[in-house]
Visitor: 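Can you keep this structure in mind? I'll have questions shortly.
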Amino acid sequence: MNIPGARSSSQSGFIEWLLQRLTSVYVAGFAVYVAIVLLVCPPVDFEAWRGWFGSGFVRLGWALFVVLLLIHAWIGMRSVFMDYLHPLWLRLSVLVLTATGLLALGFWAAAILLRVAP
Amino acid sequence: MRFSVYRYNPESDQRPGMQSYELPDDCGAIMVLDAMLLLKEQDPSLGFRRSCREGVCGSDAINMNGRNGLACITPIDSLRQPIELRPLPRLPVIRDLIVDMSQFMAHYKAVKPWLINDDPEPEIERLQSPQERDRLDGLYECILCACCTTSCPSFWWNPERFLGPAALLQAWRFLADSRDQAQSERLADLEDPYRLFRCHSIMNCTDVCPKGLNPTRAIGLIKQLLARRVL
């Protein structure tokens with residue numbers, strides 16, 4: 001069916017590709033920051049660790065890290081499924097399972113970040 | 001010289017099979033195509049395409065020992081024996097080494113491989129600066145042999161929807177042309193998840209191109225151009 005004015009293509013391929021790259025910049029940058037903290041001035045005990053982890057900016061950084069990592073993972077996994085899983089029922093089932101798993105990880109991370117609030 | 005050749009005639013054979021052939025070592029064949037012509041003298045039922053026999057027409061693209069290439073410019077000495085000759089992967093086989101290129105050509109046509117310019121035609125020609133002309137080097141030389149597209153795993157998984165490296169190289173050839181006026185429309189047609197973005201830079205295309213072209217780079221430049229429009 002030809003709908004007047006409708007474009008034959010959507011922008012979703014490009015937007016996903018761009019998001020994948022933008023999220024990776026933050027995820028990689030934050031991972032380097034955490035590695036440097038752990039190498040240069042590692043928290044000496046649990047209290048020090050909690051103090052560092054619970055401070056406002058670090059917690060915000062972790063929250064952003066988790067959200068962007070989940071977006072990055074979702075786009076990447078979906079891309080793999082688009083390549084290899086062709087029957088619609090199979091792709092849909094695997095996508096639902098993946099989304100459930102990623103959301104569960106997100107909620108778990110949120111629970112941890114809320115619990116360490118000072 | 002020993003050969004193992006893919007044979008299949010859909011009209012008479014239940015399934016494809018490999019047939020062994022032998023040629024004397026001093027038969028004079030230098031390139032794979034020379035040997036194939038001698039094999040055809042031995043067995044006239046063997047089917048394959050060829051035309052210019054010097055790497056210009058692209059008709060004799062086949063898979064030799066697992067790697068796509070042009071039979072006419074592939075030296076026999078460069079291949080381990082028995083030399084396995086197969087049709088280009090992932091395209092329907094018409095007979096033996098002859099494949100149906102309809103899908104490949106449909107993708108080529110989909111990128112509108114012609115200049116779109118609505119200005120009145122000039123008296124002589126549409127002029128370009130030498131620098132603008134230089135941008136087309138490495139793009140216009142494609143002979144559409146399909147070696148690249150049929151060695152691309154993304155094309156194997158989604159042959160109907162992913163345009164493939166050959167068509168995308170041509171998409172960039174017209175996006176990069178200073179005389180073309182349809183850049184936005186051309187880009188908009190490539191933004192969906194399949195036509196361009198199934199490419200994961202595997203680079204099989206660049207590895208096998210018998211003309212030494214680099215479709216992966218062209219695809220990267222299209223993605224860059226898309227990104228530059230919004231960033």
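Naming: A, B, ... by sequence-line order, numbering from 1 per chain.
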Visitor: Once rounded to the nearest 0.5 Å, what's the spacing between atom OG of A:Ser79 and atom NE2 of B:His200?
Guide: 4.0 Å
Visitor: One pair to check against side-chain contact (heavy atoms from CB on, under 4.5 Å): B:Asp192 and A:Gln11. What are the steps and the verdict?
Guide: CA-CA 5 Å; B:Asp192 79 309; A:Gln11 284 193 307; over 6 Å; no
Visitor: Show, in sequence, the C-alpha distance, side-chain angles and deciding distance for A:Leu18 and B:Leu226, and conclude whether the side-chain contact (heavy atoms from CB on, under 4.5 Å) test is met.
Guide: CA-CA 9 Å; A:Leu18 195 63; B:Leu226 278 164; over 6 Å; no
Visitor: For B:Arg217, I'd like to know if atom CZ has over 12 heavy atoms of other residues, nucleotides or ligands within 6.0 Å.
Guide: no
Visitor: Report which part of B:Leu196 has an atom under 4.5 Å of a heavy atom belonging to chain A: side chain, backbone, both, or neither.
Guide: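 Neither part, no heavy atoms under 4.5 Å.
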Visitor: Using non-hydrogen atoms only, which part of B:Tyr194 is less than 4.5 Å away from chain A: side chain, backbone, both, or neither?
Guide: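 For B:Tyr194, the contact with chain A is made by the side chain alone.
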Visitor: For the CH2 atom on A:Trp49, are there more than 12 heavy atoms of other groups (residues, nucleotides or ligands in this structure) within a distance under 6.0 Å?
Guide: yes
Visitor: More than 12 heavy atoms of other residues, nucleotides or ligands under 6.0 Å from CZ of B:Arg49: is that the case?
Guide: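 Count over threshold, so yes.
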Visitor: Indicate the atoms forming the closest heavy-atom contact of A:Met82 with B:Pro193, along with that distance.
Guide: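 In this case the closest contact between A:Met82 and B:Pro193 is CE-CB, 3.4 Å.
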Visitor: Nearest 0.5 Å please: distance from the CG atom of A:Asp83 over to the CH2 atom of B:Trp156.
Guide: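 Spacing of CG (A:Asp83) from CH2 (B:Trp156) equals 12.5 Å.
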Visitor: Does CZ in B:Arg95 sit with more than 12 non-hydrogen atoms of other residues, nucleotides or ligands closer than 6.0 Å?
Guide: yes
Visitor: Does the pair A:Phe14 and B:Val230 meet the rule for a side-chain contact (heavy atoms from CB on, under 4.5 Å), with working shown?
Guide: CA-CA 11 Å; A:Phe14 170 62; B:Val230 294; 3.7 Å; yes
Visitor: For B:Lys223 and A:Trp17: C-alpha separation, side-chain torsions, deciding distance, then whether side-chain contact (heavy atoms from CB on, under 4.5 Å) applies.
Guide: CA-CA 9 Å; B:Lys223 290 174 178 172; A:Trp17 175 81; 3.5 Å; yes
